[in-house]
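Position 1 is the first residue of the sequence, and the numbers go up from there. Every number for a ligand or one of its atoms is a count from 1 in the order of the listing.
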Amino acid sequence: MKPTVAPFPAARLRRTRSSQAIRNLVQENTLTPSDFIWPVFVRDGEGQEEPIASMPGVMRRSVDRIAEAAVEAQALGIPAICLFPYTDASLKTEDCAEAWNPDNLTNRAIRAIKAAAPEIAVMTDVALDPYNINGHDGYVVDGEIVNDATVEALVKMTLAQADAGADIIGPSDMMDGRIGAMRTALEKAGHHNVAILSYSAKYASGYYGPFRDAVGASGALKGDKKTYQMDPANSDEALRLIERDLLEGADMVMVKPGIAYLDICHRVKSAFGVPTYAYQVSGEYAMIQAAAQNGWIDGGKVMMESLMAFKRAGCNGILTYFAPDAARLLNG
Ligand SMILES: NCC(=O)CCC(=O)O
């Protein structure tokens, strides 16, 4: 689209910025609480809310407190909550069997949320890293992250989550062939309406540091994730990954991290026109909070501006740790 601009003074582009009312009329993008998916951290125990030092304002919550948080999110108009478990080191093994335990933290939290806040959609994370003694998203054999055996484990994990009542499965592992395998298994098990929001374009990023503290994975990880997560230098490859996942049965797709990858969000939405999400990850959140706490930026303003940027880039929604704070601001 080529914008038409009459010569000055017929056109004074400041006219449409001259009052709040006119600015509201010409606003091109909007942000509402229904744009958010709220990632939360689950821990064991009861009545527990434990702050995470590198993510000011974010807690690890026990299952009962997660259910309360979901009730609050539902009241704020947030449509979905996404669960990440803080798994005790004693439950991390080489075979990652805790990942498909029907009574693991995630599956208990799904059932508790469904009982307390039935309207909110529950999204899960599918990857082996919270359960893996090696800290990787897949099985490690002789130093290699093996693909096909990992996919079999991820399918078991997916089915356990769907059986517990998950509405949206979020494969974040970046193995090849996992979306097709999960979709086939879900269909076969009668979970026709369980959606897959694929972490299709997930980059090997430095922005995930605080998240690894939050889920207790920082110590376990040996090496890096560059053989399965994407190179930040690449963009065409993201489109191939997105197309591949859509053809295998993904309903929605994600770009991760967010702010440094808005060009990818825009390309994905323009190329495919499918429900597209960005993950404003822990490092992005931590940077905004740290600068705000030092008085270097206005935290509320930067929070809202960063979230609007995702909408402007074409995203349908954002996974963001700011979800409840932003929803409260938007609800006035
Ligand atoms: N699979 C989920 C993540 O890796 C989240 C990363 C973050 O928030 O930094």
Side-chain angles (χ1 to χ4, degrees), residues 36-42 52-60 80-87 96 99 105-106 109 122-132 134-138 145 150 153-154 157-158 161 166 168-175 178-179 182 196-221 224-226 228-230 232 241 245 250 252-261 264 277-290 303 306-307 310 315 317-326:
F36 304 141
I37 298 175
W38 182 23
V40 293
F41 298 105
V42 195
I52 298 159
S54 53
M55 298 180 73
V58 175
M59 313 276 181
R60 293 187 197 102
I81 196 162
C82 182
L83 301 170
F84 292 100
Y86 177 89
T87 308
C96 309
L105 271 179
T106 295
V122 182
M123 176 170 167
T124 55
D125 178 62
V126 179
L128 298 182
D129 54 332
Y131 312 99
N132 196 342
N134 296 299
H136 275 287
D137 295 19
I145 319 301
T150 298
L154 298 174
M157 190 176 175
T158 300
Q161 293 172 349
I168 307 170
I169 303 293
S172 67
D173 54 283
M174 290 292 281
M175 298 298 123
R178 89 270 211 222
I179 303 298
M182 286 171 189
I196 298 177
L197 198 179
S198 180
Y199 288 64
S200 299
K202 179 174 180 178
Y203 287 85
S205 169
Y207 286 95
Y208 306 145
F211 176 91
R212 291 185 189 152
D213 291 344
V215 296
S218 314
L221 183 64
D224 58 46
K225 300 194 175 185
K226 290 181 186 172
Y228 47 107
Q229 298 181 351
M230 280 183 69
L241 287 163
D245 287 0
M252 305 175 261
V253 293
M254 191 202 296
V255 174
K256 180 183 166 187
I259 281 289
Y261 296 85
I264 310 297
Y277 299 81
Y279 200 139
Q280 183 182 48
V281 301
S282 59
E284 302 176 58
Y285 174 87
M287 290 190 316
I288 294 173
Q289 293 293 62
M303 167 177 78
S306 66
L307 294 169
F310 294 110
C315 292
I318 309 116
L319 286 95
T320 176
Y321 302 100
F322 285 123
D325 287 349

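Considering only heavy atoms from C-beta on, L319 stays 4.5 Å or farther from K256 through its side chain.
The salt bridge (charged side-chain N to carboxylate O under 4.0 Å, His left out) test applied to R178 returns D173, D245, not counting sequence neighbours.
A distance of 12.5 Å separates OH of Y277 from OG of S200, quoted to the nearest 0.5 Å. To the nearest 0.5 angstrom, I318 atom CD1 is 16.0 Å from W38 atom CH2.
Ring to ring, F41 and F211 are close: their centroids are under 6.0 angstrom apart.
Listed by number with element, the atoms of ligand 1 under 4.0 angstrom from any heavy atom of S172 are 1 (N). Less than 4.0 angstrom separates some heavy atom of D125 from each of these atoms of ligand 1: 1 (N).
Under 4.0 angstrom from ligand 1, the non-hydrogen atoms of S282 come from both its backbone and its side chain. Only the side chain of K202 comes within 4.0 Å of ligand 1, counting heavy atoms alone; its backbone N, CA, C and O stay farther away.
When the options Y207, Y321, Y199, F84 are ranked by their closest heavy atom to atom 8 (O) of ligand 1, first place goes to Y321.
Nearest non-hydrogen protein atom to atom 3 (C) of ligand 1 is K256 NZ, 2.4 Å.
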